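Basis for what follows: all heavy atoms, side chains included, without hydrogens, waters or symmetry-related copies. Model, not experiment: these values are computed from the prediction.
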Amino acid sequence: MKFFPYLNKIYLIPAILLMPILLTHLGWNLDDSCNWLYRLKNEPFSFFQATGGRYSPLNGLSQQIISYLSFSPIFFFLYNYIVGCFSIIIILKIISNLSYDFRYVPVLIIFLPGFSETYYSFYAGEPTLILFWCILLLCLYNIFLRNTSASISSLLIILTTANIALYHKEPGFIILIVFSLSYLFGYLFLQKKWRIVDEKFVYKIFILIALISSSIAYLIQYLFFSLRSFKTGYLISITPDWSLNGRLYYSFKALILYIISDPIITVILPLFFVLTFFIKSKTKLNDNLLYQSQLSLFYSCLSFSVICYLGFFLVLGIHAQHYLLPAYPFAMIPLTGYLQVFMP
């Protein structure tokens with residue numbers, strides 16, 4: 001029957017059916033919503049300002065655009081629903097091609113405390129940020145693992161999505177530059193081993209250098225705009241003790257809280273990442289040794305970038321349930337790959 005080829009798309013159903021609950025949270029709460037509603041109505045361009053040691057000029061831009069249409073809660077939460085569905089579907093699409101047996105793992109994101117806290121709040125910038133990270137990962141997957149042809153359009157999409165994500169939240173700089181740098185060195189090492197230098201090789205190297213350059217450009221802007229207000233900024237207000245004992249206390253406290261709220265990133269992924277260096281096991285994905293090397297590099301760089309992202313918050317000693325949420329698209333892809341290695 002013609003219907004059967006579409007049965008493998010059934011993994012899309014959970015992403016669509018489990019998220020309409022977003023539309024049930026249609027009222028305003030007496031929290032940051034009040035501040036954001038006031039700013040959207042009376043100070044529409046205040047989001048572009050660097051204050052309190054922060055520099056995320058695009059955070060809140062999507063809500064600003066929606067506010068021009070209506071201030072009805074349903075529009076804001078409908079946006080979160082649509083953006084969330086697209087994000088989950090993109091990650092499911094990538095993972096279904098890499099690890100078919102564990103293709104449902106990304107649905108776990110929906111049940112995270114940070115997901116509820118973020119997608120049930122109209123003012124959070126994470127839904128838009130996660131969507132652009134997912135689009136970026138899809139493009140990188142197509143170029144580095146599927147070896148699609150070099151094109152200007154793909155390059156423009158990658159640079160656009162990466163820069164929009166960078167300017168949404170400051171910590172995105174960590175995850176992007178760590179992934180790009182580690183993948184660049186790893187990819188050069190593989191190419192030296194396999195001696196394959198062609199047009200696609202140059203194209204991939206150019207993309208990685210462009211992503212690194214974008215990250216450095218953002219870092220320079222962040223330092224220029226935010227350091228002036230650092231002493232009265234957000235970090236100082238929530239972690240005022242800057243002695244060694246104080247920093248260790250804040251970091252240890254944050255670690256315990258992240259283990260509780262985000263065990264996937266804090267415990268499971270780092271454990272699998274370390275074990276892969278000691279346990280040699282072939283996956284069931286492909287018998288092509290070069291492909292397996294590239295896939296292993298892709299998993300390792302994604303995992304390492306997520307661990308560094310976690311380390312950034314541990315060093316600062318700050319915790320919130322939604323802080324690690326933008327890293328989950330980067331974490332779920334290698335996690336499913338590791339599951340296929342250790343649970344064949």
> Only one of Y183, Y203, F298 clears ring pair (Phe, Tyr, Trp, His ring centres under 6.0 Å) with F144; which?
Replying inline: Y183
>> Are more than 12 heavy atoms, taken from residues, nucleotides or ligands other than I152, located less than 6.0 Å from that residue's CD1 atom?
In response: no
> What do the steps show when you test Y299 against T276 for side-chain hydrogen bond (donor to acceptor under 3.5 Å, both in side chains), and what is the final call?
Replying inline: CA-CA 10 Å; Y299 287 158; T276 54; over 6 Å; no
> Listed by chain and number, what are the side chain to side chain donor-acceptor pair (under 3.5 Å) partners of S213, not counting sequence neighbours?
Replying inline: none
> Under the ring pair (Phe, Tyr, Trp, His ring centres under 6.0 Å) criterion, do F75 and Y79 qualify, and how do the steps go?
Replying inline: CA-CA 6 Å; F75 284 95; Y79 171 80; over 10 Å; no
> Strictly under 6.0 Å, is that where the ring centroids of Y309 and F313 end up?
Replying inline: yes
> How about Y81 and Y119: are their ring centroids closer than 6.0 Å?
Replying inline: no
> For Y167, what residues pass the side chain to side chain donor-acceptor pair (under 3.5 Å) criterion, not counting sequence neighbours?
Replying inline: Q221
> Mind checking whether V202 and L188 sit in one hydrophobic cluster, side chains of I, L, V, M, F, W, Y counted as touching below 4.5 Å?
Replying inline: yes
>> Please determine whether side-chain hydrogen bond (donor to acceptor under 3.5 Å, both in side chains) holds for the pair S300 and S303, giving the CA-CA distance in whole Å, both sets of side-chain angles, and the decisive distance to 0.1 Å.
In response: CA-CA 5 Å; S300 298; S303 301; over 6 Å; no
> Are F201 and Y187 close enough that their ring centers fall under 6.0 Å?
Replying inline: yes
> Applying the 4.5 Å side-chain criterion to the ILVMFWY set and letting contacts propagate, would I216 and F185 be lumped into a single cluster?
Replying inline: yes
>> For Y338 and F272, take the angle between the two ring planes, folded into 0 to 90°, and tell me which bin it lands in: parallel under 30, tilted 30 to 60, perpendicular over 60.
In response: perpendicular
>> Counting only heavy atoms not in K200 (residues, nucleotides, ligands), do more than 12 fall under 6.0 Å from its NZ?
In response: yes
> Listed by chain and number, what are the side chain to side chain donor-acceptor pair (under 3.5 Å) partners of Y328, not counting sequence neighbours?
Replying inline: D262
